[in-house]
Student: 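Sharing a structure, written as structure tokens. Questions coming.
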Protein chains: 2
Amino acid sequence: MTAHGHDAPRAARPATGSGEGGRTVGDDRVMTVVRQWHAVHPGLATAPMELIGRLNRCAALLQQAEDAPLRSAGLSRAEFDLLGALRRTGRALTPGDLARETFSSGAAVTKRLKQLTERGLVERRGDSRDRRVIHIHLTEQGRDLVDGILPGQLAYEASVLSGLDTGEQADLTALLSALLVQLEGRLGGFRP
Amino acid sequence: MTAHGHDAPRAARPATGSGEGGRTVGDDRVMTVVRQWHAVHPGLATAPMELIGRLNRCAALLQQAEDAPLRSAGLSRAEFDLLGALRRTGRALTPGDLARETFSSGAAVTKRLKQLTERGLVERRGDSRDRRVIHIHLTEQGRDLVDGILPGQLAYEASVLSGLDTGEQADLTALLSALLVQLEGRLGGFRP
DNA sequence: AACAGGTGTTTTACTCGTGAAACATTCGCC
DNA sequence: GGCGAATGTTTCACGAGTAAAACACCTGTT
């Protein structure tokens, strides 16, 4: 959906109510976009757009924000995810496992592994029982790299979320979890 | 962050509380990942990951879901966004405007415009005052395409969100808006 | 043992987006 | 008018990800 907006110059204005009770929607980019759509199609049911648009924008901004510190450490997010999957599972994984863990294609994983292997962050071993299978494990260097980066990433995340109080964060987490459970059930991506 | 998890086989289990009061976090993929991290680094402060991980997963699943119907209509999401920006602003925009509206690079916009122009969905005009500037407007065909697609997209969005009741949706919208306002202020992406 | 179907990984050919460079144009200052 | 700086768009060279194909290997049935 086209939740992406543009920066119309605007004077300061009070937050705009957009629902029942105490629920308030702030003056963000999505609000601008929604208003534009209402002008074009009066009566358009935009509530889904108001939610999904914001979800996408928040995700985009957060991902973008996190990419910078990772880049400083010489890793892309995808690479960090892959290394992280190895670290948190605590065992060797096959390329297929890694593809599933990181919601990537096999081809992408192959490419990444090539690079990470060349950098000495992961190592490959064959499987004694099945010659098709490759096992990938973290090297000590790879593990140290992940362990060195993770606390800083988490601290950074805490920092960017600090604009919401802990109650709001917990509420948001719970609601997102409810949504995610629904989406995973409905659209796949997880089989509990 | 590595909120991306994997589908560990699991027996049915009750929802796990993860905060104060009535806030409950469901049994989703992120939960699995967080547990793994806790096993690796006991005492790790994972609350930020629990929020951001879910945000990213929800966004990814929703975007993926929306891409399919658009593809049926012969458009990528980026193309739809671009056409949508023209439609909702209701006037011609420059490539630079479109890049800002859609959070894309100028090079990407140039490419997309080339394709959309060839398909007769947009048209280009020079600027009478500044020879550098190009104005892009929707053709009638382009406008009809957007108008034809939008209601179905919104209905689909309403459908995928229907796993949450309207109160939950409104709460989520409000909290996301609060977060987005903070992020936009802190990380840029909007100048009200 | 032979074979069809399935599986794991890699390769291939391609698309898409990016940052930087290129180029033309405009603006403001002297 | 001349010039440096800024601006708008496009081009360029590249990296990243994808679906499908390729290939090797495994499994289950006859």
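Quick caveat: nothing in here was measured; it's all calculated off a predicted structure. Hydrogens, waters and symmetry mates are skipped; everything else that's a heavy atom, side chains included, is used. So you know, we letter chains A, B, ... as the sequences are listed, proteins then strands, and number each from 1.
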Student: Please tabulate, for side-chain N and O atoms in residues 103-111 of chain A, each donor-acceptor pair with protein atoms closer than 3.5 Å (sequence neighbours left out).
Tutor:
{"residue": "Ser104(A)", "atom": "OG", "partner": "Thr102(A)", "partner atom": "O", "Å": "3.3"}
{"residue": "Ser104(A)", "atom": "OG", "partner": "Thr102(A)", "partner atom": "OG1", "Å": "3.1"}
{"residue": "Ser104(A)", "atom": "OG", "partner": "Arg112(A)", "partner atom": "NH1", "Å": "3.2"}
{"residue": "Ser105(A)", "atom": "OG", "partner": "Ala108(A)", "partner atom": "N", "Å": "3.2"}
{"residue": "Thr110(A)", "atom": "OG1", "partner": "Gly106(A)", "partner atom": "O", "Å": "3.0"}

Student: Can you pull out every salt bridge (charged side-chain N to carboxylate O under 4.0 Å, His left out) where at least one residue sits in residues 159-168 of chain A? Sequence neighbours excluded, please.
Tutor: none

Student: Who passes side chain to side chain donor-acceptor pair (under 3.5 Å) against Ser162(A), sequence neighbours left out?
Tutor: none

Student: Chain A on DNA chain C: first and last contacting nucleotide, 5' to 3', under 4.0 Å to a heavy atom?
Tutor: dG6(C) to dT11(C)

Student: Could you run through nucleotides 23-29 of chain D and give me one letter per nucleotide, 5' to 3': B if any protein heavy atom sits under 4.0 Å from the base, S if only the sugar-phosphate is that close, - if neither?
Tutor: -BBS---

Student: Which nucleotides of nucleotides 13-20 of chain D have their base under 4.0 Å from a protein heavy atom (B), which only their sugar-phosphate (S), and which neither (-), written as one string 5' to 3'?
Tutor: ---SBBB-

Student: Mind checking salt bridge (charged side-chain N to carboxylate O under 4.0 Å, His left out) for Glu140(A) and listing every partner two or more places apart, or none if nothing turns up?
Tutor: none

Student: Considering residues at least two apart in sequence or located in another chain, which fulfil the side-chain contact (heavy atoms from CB on, under 4.5 Å) criterion with Glu123(A)?
Tutor: His137(A), Thr139(A)

Student: What is the distance, rounded to the nearest whole Å, between atom NZ of Lys114(B) and atom P of dT11(D)?
Tutor: 9 Å

Student: What pairs with Leu161(A) under side-chain contact (heavy atoms from CB on, under 4.5 Å), at least two apart in sequence or on another chain?
Tutor: Gln169(A), Pro48(B), Leu51(B), Ile52(B), Leu179(B)

Student: With sequence neighbours left out, what residues match Asp147(A) under side chain to side chain donor-acceptor pair (under 3.5 Å)?
Tutor: Arg87(A), His41(B)

Student: Ignoring hydrogens, what is the shortest heavy-atom contact between Cys58(A) and Leu55(B)? Give both atom names and the distance.
Tutor: CB-CD2, 3.8 Å

Student: For Val133(A), enumerate each residue passing the side-chain contact (heavy atoms from CB on, under 4.5 Å) test, keeping only those at least two apart in sequence or located in another chain.
Tutor: Thr94(A), Asp127(A), Asp130(A), His135(A)

Student: Under the rule for side-chain contact (heavy atoms from CB on, under 4.5 Å), what residues qualify as partners of Arg119(A), not counting sequence neighbours?
Tutor: Leu75(A), Glu79(A), Leu121(A)

